[in-house]
Number of protein chains: 2
Amino acid sequence: MSATIKDIARKVGVAPSTVSRVLSNKSKYYTSETAEKVKAAARELGYKKNQAAVELVKKQSNVIAAVVSSVKTNFAGQIIDGIQSEASKHGYNLIVVYSNSASAEEQRKALLTVIERPVMGILLLSIALSDDNLKMLKESDIPYCFLSMGFDDDRPFVSSDDMEIGYEATKFLIDKGHRKIGLAAIDKYPYTGRLRLAGYSKALNEANIVPDNSWIQSGDYSYTAGESAMKAYGKDTDLTGIVAASDMAAIGALNEARNLGLRVPDDLSIISIDGTEMCQIVQPQLTSVSQDFYKMGVVGVQRIEESVVNKTASKDHQQLIPVHIYERDSTK
Amino acid sequence: MSATIKDIARKVGVAPSTVSRVLSNKSKYYTSETAEKVKAAARELGYKKNQAAVELVKKQSNVIAAVVSSVKTNFAGQIIDGIQSEASKHGYNLIVVYSNSASAEEQRKALLTVIERPVMGILLLSIALSDDNLKMLKESDIPYCFLSMGFDDDRPFVSSDDMEIGYEATKFLIDKGHRKIGLAAIDKYPYTGRLRLAGYSKALNEANIVPDNSWIQSGDYSYTAGESAMKAYGKDTDLTGIVAASDMAAIGALNEARNLGLRVPDDLSIISIDGTEMCQIVQPQLTSVSQDFYKMGVVGVQRIEESVVNKTASKDHQQLIPVHIYERDSTK
DNA sequence: GCAAGTTAAGCAAACGTTTGCGCAATTAGA
DNA sequence: TCTAATTGCGCAAACGTTTGCTTAACTTGC
């Protein structure tokens, strides 16, 4: 078994409490001479702190947990990068657990893994939590915050302004002179999709454009959803522009457009939502409404930190991160 | 504070030890009647096990830790999926920590996060560990296994056969009639790159082809490395086929080839190494030597399990996972 | 030279579990 | 009916830390 604080104490000829104080960098109660001896002994014995013991007595740790819906979403990486960087800056450690969004039982297990130990906060990355699991999370009294996902109730979250996303994307195409604009692969009913749809409608409305029902092709943000939407529009569509619900959906639509013999952007402009690096590796590169995922991670950590300090969620606990449009080669 | 086992004991009028036995599903030492009462009380009080306490006394947990080099690598997701699925099947939980490969200090922190608690095993996903950190890992006495990375010393690992990868990719092009074949964006010195290079050379050698120095463009497997390699080959290259070190490198080369006015596959065939979904979303779709990343994850968990059971690493602790070639549209 | 103040270091309790052991009550065997 | 085996359950120790309190030693001021 690994060496403990007592082994060090015995070796140096000092009390365990003193060793503890040295090793956890308390500023008082020992001489620098003792400190040196203790540290030397610790190194020599290959001492590793037993965090279980520490967390048991301190009832808190410096660990932030992130629960991620799936490995598939290609922006999760950027959010995690942001969390990691901000956490690291404050001396927190990050652990990530994955949970298949579909299964409530899997969600529960993932959540329990982090709730059952005294993590300082929980960040949920685009996870649609079941009611039971949400209840469990709330009851745990651990600060939490949803990332890249909004709600119309009082749950804390950090996300982009989905209404603005829908609005800006559509407006961008309108300003380029397009009048017939599709919305592809969006999931119309959940909060995010509803808001984007509302933004899309608002922009059209302001330009006195009345959308045809067929312009809106719902889907699940995936590559195949983009493909299907494009198939539904068809070769002879009178649309000249498309707002795609995600980068993957945009790529699906782009490839299918090519299959149909439509040239992007000459016959058809496509603007994508998300702005991950995917946009830059396809040809033509995709114009996008880019979300600042990295910043979401950073802000998420700050939210957790606030909750820990204030012992309560702050009032403005629902925060929107601005988006930016990057014009590339898929629109004209 | 959350309810403890003692609160339940008091409420039901029973000893804490009995509660513990009920809640951890011990098969004996209580009546089903007591069990019911205990479970009811636990539910009512919203009881959550304190894993820190459990781990402290048991000195082991059912948590497997994965250390990932970075969020950027697009195959890490597949490996994690495999780990997750196999772990879940055996009732283990998975936590993931990210570590920037570049910084030894970051690595150390990530490693400490998992070593300092009694995880049952550590999986390292394409992490080049510094000597100090490797030493620390070994001394921790926690079973570990490298994934998607091989070594010529005795460290346990699960990876593809990199020699075979280089060989098969090259042979595939040779069998298609190519004689002048480049190797792009590969890092020549580390074990992986060295082996792939050896496989490439072997295949050429068997076909009595003597490679020109300029055929091999080293790099770091990235998109830009693929781009640079293609730039180096140039518009007027006499190469007719290229083996790209990774999917991203292949896409970089593909896009640059288009910029140079070369048509793929008509003027130039490209075969990619990895076979992630990226291959299927670019145009033309990339022929690839596909690694079975999912399986690596699965086998990695099995390795950990063995080590835990046997209390020692098994003899054949370096395992190679077969690869498969998927012919798509970037070769002819 | 002595009281008061300061400092280093030790003692012991506490955190929430698990588990070996012991005891009492019940059941079985003869 | 008496002993032996079995069962349900409680007692208490243990896991490795942290930390409030106490003590001893040393310094300072007068």
Side-chain angles (χ1 to χ4, degrees), chain A residues 1-39 41-42 45-63 112 115-120 140-142, chain B residues 1-39 41-42 45-63 112 115-120 140-142:
Chain A
M1 203 52 226
S2 180
T4 77
I5 224 174
K6 288 183 190 165
D7 298 325
I8 299 180
R10 204 172 311 125
K11 175 154 186 170
V12 179
V14 86
S17 43
T18 303
V19 176
S20 167
R21 288 191 254 255
V22 171
L23 261 26
S24 43
N25 295 312
K26 294 275 180 301
S27 54
K28 295 174 68 175
Y29 304 126
Y30 55 86
T31 57
S32 55
E33 193 186 355
T34 332
E36 279 319 307
K37 279 195 285 187
V38 167
K39 283 181 191 160
L45 295 172
Y47 171 74
K48 294 277 161 353
K49 224 191 246 281
N50 182 328
Q51 286 293 352
V54 176
E55 285 165 13
L56 179 57
V57 44
K58 298 230 270 193
K59 287 158 167 303
Q60 54 143 310
S61 70
N62 63 162
V63 173
L112 271 180
I115 289 184
E116 283 182 346
R117 51 202 85 221
V119 297
M120 63 176 291
S140 76
D141 275 332
I142 300 175
Chain B
M1 204 51 226
S2 179
T4 77
I5 225 174
K6 288 183 189 165
D7 298 323
I8 300 180
R10 202 172 312 123
K11 176 154 186 171
V12 178
V14 86
S17 41
T18 303
V19 177
S20 166
R21 288 191 257 253
V22 171
L23 260 27
S24 43
N25 294 313
K26 292 277 180 302
S27 54
K28 294 174 70 175
Y29 305 124
Y30 56 86
T31 57
S32 55
E33 192 185 358
T34 330
E36 279 320 307
K37 280 194 285 187
V38 167
K39 282 181 190 160
L45 294 172
Y47 171 75
K48 294 277 160 358
K49 224 191 248 276
N50 181 328
Q51 285 294 352
V54 177
E55 285 165 12
L56 179 56
V57 44
K58 297 229 271 194
K59 290 160 168 301
Q60 53 143 309
S61 71
N62 63 162
V63 172
L112 271 180
I115 289 184
E116 283 182 345
R117 50 202 87 219
V119 298
M120 64 176 291
S140 76
D141 275 333
I142 300 175

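What you see below is based on every heavy atom in this structure, not just the backbone, and it leaves out hydrogens, waters and symmetry mates. All values reported here derive from a predicted model rather than from experimental measurement. In what follows, every chain begins at residue 1, and chains take the letters A, B, ... in the order their sequences are listed.
Within 3.5 Å, no donor on the side chain of B:R21 pairs with an acceptor on the base of D:dG8, nor the reverse.
For the side-chain contact (heavy atoms from CB on, under 4.5 Å) test, residues two or more places apart in sequence or in another chain that qualify with A:V19 are A:I5, A:I8, A:A9, A:V14, A:L23, A:V38. Qualifying side-chain contact (heavy atoms from CB on, under 4.5 Å) partners for B:N50, counting only residues two or more places apart in sequence or in other chains: A:L56, B:A52, B:A53. Every side chain to side chain donor-acceptor pair (under 3.5 Å) that A:T31 has, sequence neighbours left out, goes to A:T34. Every side-chain contact (heavy atoms from CB on, under 4.5 Å) that B:K11 has, sequence neighbours left out, goes to B:A41, B:E44, B:L45.
Taking side-chain N and O atoms only, B:K59 has a distance below 4.0 Å to OP1 or OP2 of D:dG16. Between B:T31 and D:dG8 there is no side-chain polar atom (N or O) within less than 4.0 angstrom of OP1 or OP2. Note on A:K49: a side-chain N or O is less than 4.0 Å away from OP1 or OP2 of D:dT18. In this model, the phosphate group of D:dG8 is not approached by any side-chain N or O of B:T34 to a distance below 4.0 Å at OP1 or OP2.
Atoms CD1 (A:I8) and C1' (D:dT17) sit 12 Å apart, rounded to a whole Å. Rounded to an integer number of Å, the gap from NZ of A:K58 to P of C:dG16 is 16 Å. Between the OH atom of B:Y30 and the P atom of D:dC9 there is a distance of 10 Å, rounded to whole Å. For the pair B:Q60 CD and C:dT17 P, the computed distance is 17 Å after rounding to whole Å. The CD-P distance, from A:E33 to C:dA8, rounds to 12 Å in whole Å. Atom pair B:E55:CD and D:dC15:P shows a separation of 17 Å (rounding to whole Å applied). If you measure from atom NZ of B:K6 to atom C1' of C:dT18, you get 12 Å, rounded to the nearest angstrom.
At a threshold of 4.0 angstrom between heavy atoms, the contacts of B:S20 include nucleobase atoms, whether or not backbone atoms are also involved.
For B:V57, the listed nucleotide lying nearest its side chain is D:dC15; candidates were D:dC15, C:dC15, D:dT17. Comparing C:dG10, C:dG16, D:dT17 by their nearest atom to the side chain of A:N50 picks out D:dT17.
At its two ends the helix from C:dG1-D:dC30 to C:dA30-D:dT1 runs along axes set 40° apart, each axis drawn from five pairs and the angle rounded to 10°.
Residues from residues 9-17 of chain B with heavy atoms under 4.0 angstrom of DNA chain C, sorted by number: B:S17.
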